[in-house]
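Chain A is the first sequence line, chain B the second, and so forth, proteins listed ahead of strands; every chain is numbered from 1.
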Protein chains: 2
Amino acid sequence: MTEPVGRRERKKAATRQNIADTALRLFLERGYDAVGIRDVAAEADVAVTTLFSHFASKEALVFERDEDFEKRLARAVTDREPDEPIVPALRREMRAMVRHCASEGAAPTWRMIDATPALREYEESMRLRHAESLASAIAADLDLPPSSTACRTIARFVTDAHSLAREAADPDAAVDEIFRMIEAAWAVTFPTTASRPGYNRSAIAGSGTGGTPGA
Amino acid sequence: MTEPVGRRERKKAATRQNIADTALRLFLERGYDAVGIRDVAAEADVAVTTLFSHFASKEALVFERDEDFEKRLARAVTDREPDEPIVPALRREMRAMVRHCASEGAAPTWRMIDATPALREYEESMRLRHAESLASAIAADLDLPPSSTACRTIARFVTDAHSLAREAADPDAAVDEIFRMIEAAWAVTFPTTASRPGYNRSAIAGSGTGGTPGA
DNA sequence: TTTTTAAAAGCTAACCGTTAGTGCTACGGT
DNA sequence: ACCGTAGCACTAACGGTTAGCTTTTAAAAA
C-alpha cells in the first residue's frame, strides 16, 4: 500500500512484479499447464527458490493482482455510508468485482482460470478465506461473535455470488438475482435491521447456534 | 451398488477396500501429512500404481466412504414424496448427512479433515461438484434449464449448509437456521411454489439470466 | 569510511504426489 | 483348452515444492 522506501524494498518489489508479469504472460501464451515453474523462473531470470520466496504456489502467480479482493468485501461493510444497510453495500461492491473480472484487462486471465481445474480449485479456497473475513466484518458490525453461524452463512452466500455471477450469461443480472435471495435470507435472520449507528440488537442469533449476543 | 459377481470383481473390490482401510488407519494413527503414498502402498502391500488405479488422488482415499454424498442430495429431490416441497426435503437429507459426520464411526475422520488444509480444499471442490448435480436435479424438477442461475444458487446455498453446520457448535440447530435462510431465498425467487405434481411455472426465471422457462 | 548484520537471491539436491511405459498373471468368455 | 483383457507390478520419470547452505548487497553500526 505505502510506496517502498529503500532501494532494497524497491528491488524486492520489482523482482516480485517481474516474476508475476512473466508468469502471467507465459501462462496466457502457452497455457497454464504447459508452463512449468522452472520455465517461469528461467524466463524471469530468477532462481526457483526466489520465485517461491515471493509466491506460495504456482497458482498464486495467477491471482497476484486480485489478492486484495479479500479486503474489498470486508471494507464494503466497514467503510460504507453510515445509513446504508449491509446487503446493498455488498451488492454494489460485488457488482464492481464481477465487472472487473469481465473487463478488458482481466478477461483473458479469468478465461484461463475457468478453463483450468487447478486454478478453479485455488480460487475456491480463496473464496473460503474471503468469506471468513467478511463474516468477521459483518459480525463485528452487528455485535455478534465472529463465529456466528448466521454471519458466516450470509458471507458464504455473498462469495458464492461471485463465482455464480461470473459464470452466468448476464453477470450483472445474476448479481441482482442472487442478491435478492441474499436479501431475503438476511431478512429472516436479522429482521428489521435498523440502518446502522449502533445496536440493532433485535437480531436473533439463531437457535443458540453460533454464540451469544451482547446481553 | 450391485454385489460384484465374478471372482475378478470381488478381488478388485477387496483390493480397493484393503487400500482404503489401510490408508485411513495410517492417516488416523500418524497424521495425514506424515503418511506418504508410498507408505500406504507398502502397508497395503500393493504397488503405488495400483493404488492410483483405484483412487485418483491421496485425498480421495479419505473420502472413499462418503463418495455417494454426491447422489444423496440429488436423490432427496428426485425421490421425495410427491407432495413434499423441495427445500424441506433437502433439509431432512442435510440433517442426516451432518449427523452422520458427527457419528461414532465418522467423527475422527472428519476431525482429521478439519485439521488438514489439503483435505478441506478437496472437500470444498467436491462440494462444488455436488452443488452442480443438485442444481441439475432442482432445475429438472422445476422445468428450468440446468444452467439456471437461480437453481445453481439454491444448490450452492444447500451445500454451503453442510460445511457451515458441521463447524457449528450445535450442528442440528445450525442446519435449521441456515435452512430458514434458504427457504426465504427460495421464496423470493420461486414464489408460491405449488406442492409438486407438475408445473409450477409461476417460477420467475430471474432477470433473463439463466435461461428461458418452458414457455 | 569501514565494519557488521541480515535480508534477498542463488545453487544443489532432494521429497512427494502422480503418471507413462511395459510386461506379467490370472480370470472369464468362447 | 484358448485367447482377450483386466488387474496388478515394476521402473523411471515429471513437476511442484522445500531444505540446506553459500553468495551478494542494501542498510545500519562503528
Figure out the [atom1]/[atom2] separation between [X] and [N], and round it to whole Å.
X       : N      : atom1 : atom2 : answer
A/Phe27 : D/dG16 : CZ    : P     : 8 Å
B/Phe52 : C/dA20 : CZ    : P     : 12 Å
B/Leu51 : C/dT19 : CG    : P     : 11 Å
B/Leu61 : C/dT18 : CG    : C1'   : 13 Å
A/Lys12 : D/dA27 : NZ    : P     : 13 Å
A/Arg30 : D/dG15 : CZ    : P     : 13 Å
B/Arg10 : C/dC27 : CZ    : P     : 10 Å
A/Asp33 : C/dT19 : CG    : P     : 12 Å

Should B/Asp172 and B/Arg99 count as an ion pair when the cut-off is N to O under 4.0 Å?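 Salt bridge: yes.
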
Could you tell me whether [X] contacts a base, only the sugar-phosphate backbone, or nothing, with contacts defined as non-hydrogen atoms closer than 4.0 Å?
X       : value
B/Asp45 : sugar-phosphate
A/Val46 : sugar-phosphate
B/Val40 : nothing
B/Asp39 : nothing

Polar side-chain contact A/Arg38-D/dG16 base: donor and acceptor under 3.5 Å: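 Answer is yes: a donor-acceptor pair is held.
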
Which listed nucleotide (D/dT17, C/dA9, C/dG17) is nearest to the side chain of A/Ser53?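 Selected nucleotide: C/dA9.
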
Would you say [X] places a side-chain N or O within less than 4.0 Å of OP1 or OP2 belonging to [N]?
X       : N      : result
A/His54 : C/dA9  : yes
A/Thr49 : C/dA9  : no
B/Lys11 : C/dC27 : yes

Heavy-atom pair of closest approach, residues B/Asp114 and B/Arg120: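 Where B/Asp114 meets B/Arg120 most closely, the heavy atoms are O-NH1, 3.0 Å.
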
Do we see a donor-acceptor contact under 3.5 Å between the side chains of A/Thr109 and A/Arg65?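 Short answer, no.
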
For B/Arg129, is the CZ atom crowded, meaning more than 12 foreign heavy atoms sit under 6.0 Å from it?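 Yes.
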
Between A/Arg8 and B/Tyr32, which residue's closest nucleotide on DNA chain C lies nearer the 5′ terminus?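 On the 5' side of the pair lies A/Arg8.
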
Is the terminal nitrogen or CZ of A/Lys58 (NZ for Lys, CZ for Arg) located under 6.0 angstrom from the six-membered ring centre of A/Phe52 and within 45° of that ring's axis?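 Checked: cation-pi criterion not met.
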
